[in-house]
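Each chain gets a letter, A, B and so on, in the order the sequences are listed, and its residues count up from 1.
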Protein chains: 2
Amino acid sequence: MRGEQTPRLREALEDDIVAGRLKPGQRLDEVGLAERFGVSRTPIREALIQLSSSGLVEIRPRRGAFVVLLGPRELIESFELMAEIEASCGRLAVQRMGPSDREAISDAHETCRIAAAAGDEEAYYPANARFHAAIYAATGNRVLAGEALRLQRGLQPYRRLQLKVPRRVEASFAEHQGIVDALFAGDGPLAAERLRAHVLVQGERFMTLLAALHAESEALEDAG
Amino acid sequence: MRGEQTPRLREALEDDIVAGRLKPGQRLDEVGLAERFGVSRTPIREALIQLSSSGLVEIRPRRGAFVVLLGPRELIESFELMAEIEASCGRLAVQRMGPSDREAISDAHETCRIAAAAGDEEAYYPANARFHAAIYAATGNRVLAGEALRLQRGLQPYRRLQLKVPRRVEASFAEHQGIVDALFAGDGPLAAERLRAHVLVQGERFMTLLAALHAESEALEDAG
DNA sequence: AGAGAAAATCTTGCATACATGAATATTGAC
DNA sequence: GTCAATATTCATGTATGCAAGATTTTCTCT
């Protein structure tokens, strides 16, 4: 058997969680995963520990690993943190972005426009992630950008549920347009404020959706 | 042998790193640590993986684990991230802090005052950490506060070097006073700006020190 | 039949064993 | 004497084995 299994396993599990194939609350059986990936429990355990540190998985001692299921309070708080980080990124990006950064932002924005015009929510999703990532990168601060990406990934499983909110894509794209305008106009504070509002309103929309879902059924609870 | 070694080991190693007993760049030998703690390599490895995810340790495949040694660029970027987070905390704390939060901030500030007046740098250190932590907590956002604490811990090993900067404590305390004034006056934007400046100037002072140290010797490089 | 307790089962946590790649020492050539 | 190639040693990465806690099943008693 050759080396370096753990990173591959971590990425595979991370993708499964972010893509929603492993649902929040679900238990991750070490033996089952080991068999599925054709390795022993050791690298699986190490991958799970990494995922727990990055916040996608929760390890309860002697109980096992579970895909993290954020409660309402933690969700609100996470969106607020995300909003603050994104606002900072916007302000710094205005100060520092170069031509290639502008281009990356424009490109991602156009991809969003196409997906939004087509009403294609599945396509809008990754385009939206790319749009925000382009802003992070434009700060020129890799540590900050890495942090932002990490948080973005952590919230991805929950954003997925938002697909059901009507007219979400149109609203999101309109907000993106305002952000791009402020960024390219060189108005840092305005870009920051619009990014903050964009993320916070996403969070609010999400909480509304969650409340509605919770009212009609306990679907999330049964997910495990 | 009874259960739950890994968390204990992680905390012990974390303390060693943050307290400077394990220096940035130093290699962490699994076998040696296992002997030192009287356990096998397995829980040691798991603790190291956790520390690598939290940013205190870097694991290079097949090479081993090393206490993270941030380069100049990463240090600057980390301090900038910290400054942004602290600024956000300050603004939100103004909006949301209750009487107990005010008290905690005041208490920590007074502890800083005593240490500063005595010129006791060793005592100022933890008091300073408590002061900032009190502001994080006053946001009422546990996710945000947790993130801030994590970043604070990650930078702690480097702040330690600052002890040598002359009149650092007096300057720091004076800045704290300005922050407290803004916080208690209810001026969120001012508190945010002063916190941002406080952290950034710390970073700059630190970089200056680092350059000086580097000029006189390659001490940091030999630390491994 | 239902509730509680005991036993069996299953899973995790840790220890140990082994294989492979990296680091180091040694030997040989120039 | 220095450099390079090779052999040896050593540490990491993974697999497997074993002990203890958690879970589930079953059995007993009311």
Of all residues at least two apart in sequence or in a different chain, which pass the side chain to side chain donor-acceptor pair (under 3.5 Å) check with A/Arg63?
none
Roughly, in whole Å, what's the span from CG in A/Leu33 to P in D/dA15?
14 Å
Only counting residues at least two apart or in another chain, list the ones meeting side chain to side chain donor-acceptor pair (under 3.5 Å) with B/Ser172.
B/Tyr124
In whole angstrom, what separates A/Arg8's CZ from D/dG13's C1'?
14 Å
When the axes are fitted on five pairs at both termini, how much does the helix from C/dA1-D/dT30 to C/dC30-D/dG1 curve, in 10° steps?
0°
Pairs meeting criterion salt bridge (charged side-chain N to carboxylate O under 4.0 Å, His left out) with involvement of residues 199-210 of chain B, two or more places apart:
B/Glu175-B/Arg205
What side chain to side chain donor-acceptor pair (under 3.5 Å) pairs are there with at least one residue in residues 137-146 of chain B, not counting sequence neighbours?
A/Glu80-B/Asn141
Sorted by chain and number, sequence neighbours left out, ring pair (Phe, Tyr, Trp, His ring centres under 6.0 Å) with A/Phe131 holds for A/His109, A/His176
Residues 65-76 of chain A vs salt bridge (charged side-chain N to carboxylate O under 4.0 Å, His left out), sequence neighbours excluded, gives A/Arg73-A/Glu77
Which of residues 43-60 of chain A sit near DNA chain C, with a heavy atom under 4.0 Å from it?
A/Arg45
If you pin A/Thr42 and A/Ala65 to their nearest nucleotides in DNA chain C, which one's is more 5'?
A/Ala65
Pairing residues for B/Arg60 by the side chain to side chain donor-acceptor pair (under 3.5 Å) criterion, not counting sequence neighbours:
none
Under 3.5 Å, N/O pairs linking protein and nucleotides 9-11 of chain D:
from	atom 1	to	atom 2	distance (Å)
D/dA11	O3'	B/Arg27	NH2	2.7

Contacts satisfying salt bridge (charged side-chain N to carboxylate O under 4.0 Å, His left out) that involve residues 103-112 of chain A (not counting sequence neighbours) are A/Glu110-A/Arg113
Over how many whole Å does the gap from A/Gln5 atom CD to C/dG21 atom P extend?
12 Å
Checking side-chain polar atoms at under 3.5 Å, does B/Arg153 have a donor or acceptor matched by the opposite partner on B/Gln156?
no
Tell me every residue that passes side chain to side chain donor-acceptor pair (under 3.5 Å) with A/Arg10, counting only those two or more places apart in sequence or in another chain.
A/Glu14
Nearest to the A/Arg41 side chain among C/dA15, D/dG13, C/dT12, which nucleotide is it?
C/dT12
